[in-house]
**Student:** 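Take a look at the following structure, please.
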Protein chains: 2
Amino acid sequence: MTDQLGRRERKKAATRQAISNTALAMFLERGYDAVGIREVAEAADVAVTTVFAHFPSKEALVFDRDQGLQDRLVRAVSDRDPSRSAPDALREELHAMVREFTPSAASPFWQLVASSPDLLDYEAKMWQRHAEALSVAIAADFGRSAPIPADRALAYYVLGVFRLAREAADPAAAVDEIMDLIAAAWRAAPTG
Amino acid sequence: MTDQLGRRERKKAATRQAISNTALAMFLERGYDAVGIREVAEAADVAVTTVFAHFPSKEALVFDRDQGLQDRLVRAVSDRDPSRSAPDALREELHAMVREFTPSAASPFWQLVASSPDLLDYEAKMWQRHAEALSVAIAADFGRSAPIPADRALAYYVLGVFRLAREAADPAAAVDEIMDLIAAAWRAAPTG
DNA sequence: TTGTGAAAAGCTAACGGTTAGCGTTATCGT
DNA sequence: ACGATAACGCTAACCGTTAGCTTTTCACAA
């Protein structure tokens with residue numbers, strides 16, 4: 001578990017963890033807007049500048065955990081069983097994701113995110129950052145080496161399912177309803 | 001032109017115009033980031049608090065002009081010649097909009113917007129604010145009194161065309177390419 | 001072991017957008 | 001003419017964020 005990391009990098013990672021843990025705990029306890037960066041730094045016993053040395057923004061403190069979630073859709077396309085269509089693989093993955101983050105069984109974490117417009121905006125941009133990667137995977141699925149606008153559009157639509165489904169009364173049903181639209185659009189996309 | 005407005009409201013409107021005009025001129029001349037709110041207030045000869053009494057944010061100063069642009073897509077659906085399909089009407093409207101704001105013949109105003117991430121974000125949110133209105137119009141087109149997730153998805157897709165087309169090498173071709181996808185999705189949407 | 005360079009962390013001070021609190025003036029309805 | 005209130009102003013601050021510069025801590029080689 002000591003990972004062959006030098007003392008230096010271990011301490012750096014520890015500082016980062018301490019800041020992130022402290023911040024998340026404070027946000028969950030008192031609310032995102034009610035806790036300032038200066039307070040977080042104070043509680044973690046570091047300087048404000050150190051906080052920003054590890055995290056590019058206040059919002060990034062919150063989302064330090066669920067890294068890797070973003071790549072699930074890309075992998076669902078790229079690493080799928082070749083016998084399945086890409087839209088089918090995406091549909092299943094989206095079902096799983098929505099099941100985890102559905103508002104009824106909402107974890108405190110997602111309630112926190114939902115409580116702040118800043119965090120919702122930041123989350124939306126996190127997804128958009130992966131739109132390009134997903135569009136490349138989709139282009140490859142069509143046999144293209146680079147994405148055309150139609151590929152980017154499909155990626156944009158798939159990434160939107162999560163948001164739209166979360167806001168729907170029945171998220172699981174919404175995933176199917178919307179994926180039916182996307183599957184139809186997929187069939188209409190230029191091939192080769 | 002005096003509009004039976006009282007002196008009070010005329011003065012208020014005049015102040016608002018003065019602030020907006022001054023700000024936009026300064027932004028265009030020196031760049032959005034290089035001009036601070038305090039400078040704008042100074043140049044317009046008002047207090048900083050007065051600026052924020054008229055505009056909710058610095059970004060809103062820039063977009064005070066092109067109000068009404070947002071409703072074009074909603075009107076394209078609601079007020080169209082009944083002989084045409086909604087996707088066809090939207091396609092034409094989107095072609096017109098992309099023609100006006102294409103980067104080649106970009107007006108200084110749109111160059112200003114493109115120069116600042118803050119302004120691009122704000123613009124994106126302006127569109128999203130109209131997603132609900134467009135989804136209602138689309139639901140009505142299907143004979144529904146309230147939008148279902150599929151309607152919201154279609155609205156989301158149509159609003160995305162503008163952004164995707166602007167980033168494409170050939171914006172006009174991209175509009176057609178993407179609208180073909182949307183038309184296919186439209187056909188797959190639940191009816192009634 | 002010691003010296004050296006660099007990464008990590010710290011401090012101070014500020015900037016720019018935004019807001020709260022509170023007073024002042026002008027205008028409106030009666 | 002008068003009281004209510006909208007519009008505006010001033011001051012002072014808060015908050016996220018960054019620049020500039022110093023100090024601590026480690027890695028590595030002489």
Side-chain angles (χ1 to χ4, degrees), chain A residues 2-24 26-27 30-64 115-123 125, chain B residues 2-24 26-27 30-64 112 115-122 125:
Chain A
T2 42
D3 274 340
Q4 81 234 42
L5 284 173
R7 202 182 327 271
R8 191 169 218 149
E9 341 226 314
R10 258 185 292 120
K11 286 205 174 180
K12 181 174 183 179
T15 300
R16 182 194 175 86
Q17 273 296 325
I19 295 171
S20 175
N21 291 347
T22 304
L24 192 51
M26 293 177 80
F27 292 154
R30 297 169 39 202
Y32 180 75
D33 288 326
V35 179
I37 288 283
R38 289 166 179 83
E39 295 178 77
V40 172
E42 182 69 22
D45 199 30
V46 296
V48 172
T49 46
T50 301
V51 174
F52 284 104
H54 286 274
F55 302 92
S57 69
K58 184 186 180 185
E59 294 90 1
L61 281 170
V62 172
F63 289 100
D64 192 40
S115 76
S116 161
D118 282 5
L119 292 177
L120 286 172
D121 284 2
Y122 189 85
E123 191 203 7
K125 279 183 207 156
Chain B
T2 44
D3 275 340
Q4 74 235 44
L5 284 175
R7 201 182 326 271
R8 192 172 217 147
E9 341 227 313
R10 257 184 292 120
K11 285 202 175 182
K12 181 175 184 180
T15 300
R16 182 195 175 85
Q17 274 297 324
I19 295 172
S20 174
N21 291 347
T22 305
L24 192 51
M26 293 177 81
F27 290 154
R30 298 169 39 203
Y32 180 73
D33 289 326
V35 178
I37 287 282
R38 292 167 178 84
E39 293 179 77
V40 171
E42 181 70 22
D45 199 29
V46 295
V48 172
T49 46
T50 301
V51 173
F52 284 104
H54 285 274
F55 302 92
S57 69
K58 185 185 181 187
E59 293 92 1
L61 282 169
V62 172
F63 288 100
D64 192 41
L112 175 66
S115 76
S116 160
D118 283 4
L119 292 177
L120 287 172
D121 283 2
Y122 189 85
K125 280 182 209 158

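All of these numbers come straight from a predicted model, not from anything done at the bench.
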**Student:** State the CG-NE2 distance between A:L61 and A:H54, to the nearest 0.5 angstrom.
**Tutor:** 11.0 Å
**Student:** Is the distance from OP1 or OP2 of D:dG16 to the nearest side-chain N or O of A:S57 less than 4.0 Å?
**Tutor:** no
**Student:** What is the distance, rounded to the nearest whole Å, between atom CZ of B:F52 and atom C1' of D:dA13?
**Tutor:** 14 Å
**Student:** Quick check for you: to the nearest 0.5 Å, what is the distance between A:D33 atom CG and A:L119 atom CG?
**Tutor:** 8.0 Å
**Student:** Whole angstrom is fine here: how far is it from CD1 in A:I37 over to P in C:dG17?
**Tutor:** 19 Å
**Student:** Give the rounded distance in Å between these two atoms: CD of A:E42 and P of C:dG10.
**Tutor:** 11 Å
**Student:** If only side-chain N and O atoms of A:K11 are considered, is one of them under 4.0 Å from the OP1 or OP2 phosphate oxygen of D:dC26?
**Tutor:** yes
**Student:** Reckon B:H54 has a side-chain N or O less than 4.0 Å from the OP1 or OP2 of D:dA7?
**Tutor:** no
**Student:** Does C:dT19 have its OP1 or OP2 closer than 4.0 Å to a side-chain nitrogen or oxygen of B:T49?
**Tutor:** no
**Student:** Looking at A:Y122, does the NZ or CZ of A:K58 lie under 6.0 angstrom from its six-membered ring centre and within 45 degrees of the ring axis?
**Tutor:** no
**Student:** Just how far, in rounded Å, is C1' of D:dC14 from CG of A:D33?
**Tutor:** 13 Å
**Student:** To the nearest Å, how far apart are A:I19 CD1 and D:dT17 P?
**Tutor:** 14 Å
**Student:** If you check every side-chain atom of B:V48, which of D:dG9, D:dG16, C:dT18 has the closest atom?
**Tutor:** C:dT18
**Student:** Of all the choices, D:dC8, C:dG17, D:dT18, which nucleotide is nearest to the side chain of B:K58 once you look at every atom?
**Tutor:** C:dG17
**Student:** Using whole Å, what does the distance between atom P of nucleotide C:dT19 and atom CZ of B:R38 come to?
**Tutor:** 13 Å
**Student:** Tell me: OH of B:Y32 to C1' of C:dG16, nearest whole Å?
**Tutor:** 11 Å
**Student:** What integer distance in Å separates A:K12:NZ from D:dT25:C1'?
**Tutor:** 14 Å
**Student:** Can you work out whether A:P56 or A:E39 has the more 5'-proximal nearest nucleotide on DNA chain D?
**Tutor:** A:E39
**Student:** Grab the two heavy atoms, one from B:V51 and one from B:A41, that are nearest each other, plus how far apart they are.
**Tutor:** CG2-CB, 3.9 Å
**Student:** Classify B:D118 by what it touches in the nucleic acid, base, sugar-phosphate, or nothing, heavy-atom distance under 4.0 Å.
**Tutor:** nothing
**Student:** Between B:F55 and B:S20, which heavy-atom pair has the shortest distance, and what is it?
**Tutor:** CZ-CB, 3.9 Å
